[in-house]
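Quick note on labels: first sequence line is chain A, next is B, and so on, each numbered from 1.
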Number of protein chains: 2
Amino acid sequence: MPKRVSAPDYCLIARAMDVLGEQWSMLIVRDTFFGVRHFDDFQKSLGIARNVLATRLARLVDEGILSRRVSEQDRRKVEYRLTQKGRDLFPVIISLSQWGARHLRREGELPAFALVDREAGQPLGPVEVRSSDGRVLTPFDTQIVPASGTTEEIRAVIPPLRKAG
Amino acid sequence: MPKRVSAPDYCLIARAMDVLGEQWSMLIVRDTFFGVRHFDDFQKSLGIARNVLATRLARLVDEGILSRRVSEQDRRKVEYRLTQKGRDLFPVIISLSQWGARHLRREGELPAFALVDREAGQPLGPVEVRSSDGRVLTPFDTQIVPASGTTEEIRAVIPPLRKAG
DNA sequence: CTTGATAAGTTCCGTAATGCAACTCATATC
DNA sequence: GATATGAGTTGCATTACGGAACTTATCAAG
């Protein structure tokens, strides 16, 4: 019975982090995006303890992010794959990786691998937050509102963020 | 001296999760996006233990994601704010929240709050991964390549992902 | 200028999670 | 049959977390 991190009752980010915020979970998902399928490969790729890996994989399967199936060709092997729910984490993984590339790269360091668009063979564009009509938004361009309000009510509720800081 | 989760030496996602994968860190960042500034407010909002909160805030400041300054008006108060590095997590936070909205909402459940575009008062569009020329990409439309290769070399390196599964 | 309240942490300690190595168990290979 | 492989378990030492009480600095009131 794993300890749950927060009170994920109201906020969807909290609820998402309840699963993905467990140590190693996001990196296991990343590995599956990059084609890792098998227990021992995850273990070697991440250097994670085997018991913890077993716990994490079970949870990710339980949450419907990964599927688990025994290989037909070799019934010793178990294959973990992303479900659609798991694949929908694509923007999360890519935006994390792009944030890392912008802010965590040591001076002069070049990445060993890149993810490219298969069609053009080009690097991906930056993942951006947009309005429903396509304008790129910064945090300052957004505000939180009670979800039940109408648009008119909405604009009055929360004072604009100030850029001070 | 906090324990570091993985070997964050090569992969930028691993390095990002070295900070943000610590329990609570992402939720602290989320709170700052939504205007939380003060120690006790984080504590009440998250229900986190005070010692752990102190550790997390110190680490986030140390990593340059949050800034810490003593209030001019009341020198008892300390203000934590997002730095530019922290604000650049916007797409990560929003894509996480959208993933949660798609996959973690209980039946019939409506969110209490929504983030809207300030100008139009409308909900945000979905955060998407795009090619450099703007096409929306799924995981199947991408592949990993050694970063030093040319475009021509690149396309031969890794066999296309199969949609089987 | 003492008293009381507030804000931001710290300290202490019991409980829970992690890391590590060795072990099991089923299946495949020689 | 003997050995190897893959996917986990088990047991135990180490580390991190949760909770409550405590400290320190500052402010506001009388």
Hey, what are the protein-to-nucleotides 22-29 of chain D N/O distances that come in under 3.5 Å?
{"from": "D:dC27", "atom 1": "OP1", "to": "B:Arg75", "atom 2": "N", "distance (Å)": "2.8"}

Worksheet, complete the sentence: A:Glu22 atom CD is separated from D:dA16 atom C1', nearest whole Å, by 14 Å

Worksheet item: Should B:Trp24 be listed as having a side-chain N or O under 4.0 Å from OP1 or OP2 of D:dG18?
Response: yes

Worksheet item: In whole angstroms, how far is the P atom of C:dA17 from the CD atom of A:Gln23?
Response: 12 Å

Item to complete: May I ask you to test the B:Glu79-B:Arg68 pair for a side-chain heavy-atom distance under 4.5 Å?
Response: no

Discussion item. Could you measure the distance from the CG atom of A:Leu53 to the CD1 atom of A:Ile48? Nearest 0.5 Å is fine.
Written reply: 5.0 Å

Worksheet item: Do B:Asn51 and D:dG19 share a donor-acceptor pair, side chain to base, under 3.5 Å?
Response: yes

Practice prompt. For the pair A:Arg50 and A:Asp40, find out whether any cationic side-chain nitrogen is under 4.0 Å from an anionic carboxylate oxygen.
Written response: yes

Practice prompt. Can you tell me the distance, in whole Å, between the CG atom of B:Asp41 and the P atom of C:dT6?
Written response: 14 Å

Worksheet item: B:Arg59 has an atom CZ; how far is it from atom C1' of D:dA16, in whole Å?
Response: 14 Å

Practice prompt. Would you kindly confirm whether B:Phe39 and B:Val70 end up in one hydrophobic cluster when ILVMFWY residues are joined by side chain heavy atoms under 4.5 Å apart?
Written response: yes

Worksheet entry | B:Lys77 NZ to C:dG9 C1', straight-line distance once rounded to whole Å | 16 Å

Worksheet entry | Heavy-atom pair of closest approach, residues A:Ser25 and A:Leu20 | CB-O, 3.9 Å

Item to complete: Measure the distance from CD on A:Gln43 to C1' on C:dG19 and round it to the nearest whole Å.
Response: 11 Å

Item to complete: Give the rounded distance in Å between these two atoms: NZ of B:Lys44 and P of C:dT6.
Response: 10 Å

Discussion item. Closest approach to the side chain of B:Ala54, judged atom by atom: which nucleotide of C:dG9, D:dA7, C:dA8 is it?
Written reply: C:dG9

Discussion item. Rounding to an integer number of Å, can you tell me how far A:Leu53 CG sits from D:dT10 C1'?
Written reply: 16 Å

Item to complete: Take A:Ile48 and B:Arg68, find for each the nucleotide of DNA chain C with the closest heavy atom, and name the residue whose nucleotide sits nearer the 5' end.
Response: B:Arg68

Worksheet item: What is the nucleic acid contact for B:Tyr80, judged by heavy atoms within less than 4.0 Å: base, sugar-phosphate only, or nothing?
Response: sugar-phosphate

Worksheet item: Does the side chain of B:Thr32 come within less than 4.5 Å of B:Ile65's, by heavy atoms?
Response: no

Worksheet item: For B:Asp40 and A:Ala49, take the nucleotide of DNA chain C holding the closest heavy atom to each; which residue's nucleotide lies nearer the 5' end?
Response: B:Asp40

Practice prompt. Provide the closest heavy-atom pair for A:Val92 versus A:Ser95 in the form atom of the first, atom of the second, distance.
Written response: O-OG, 3.0 Å

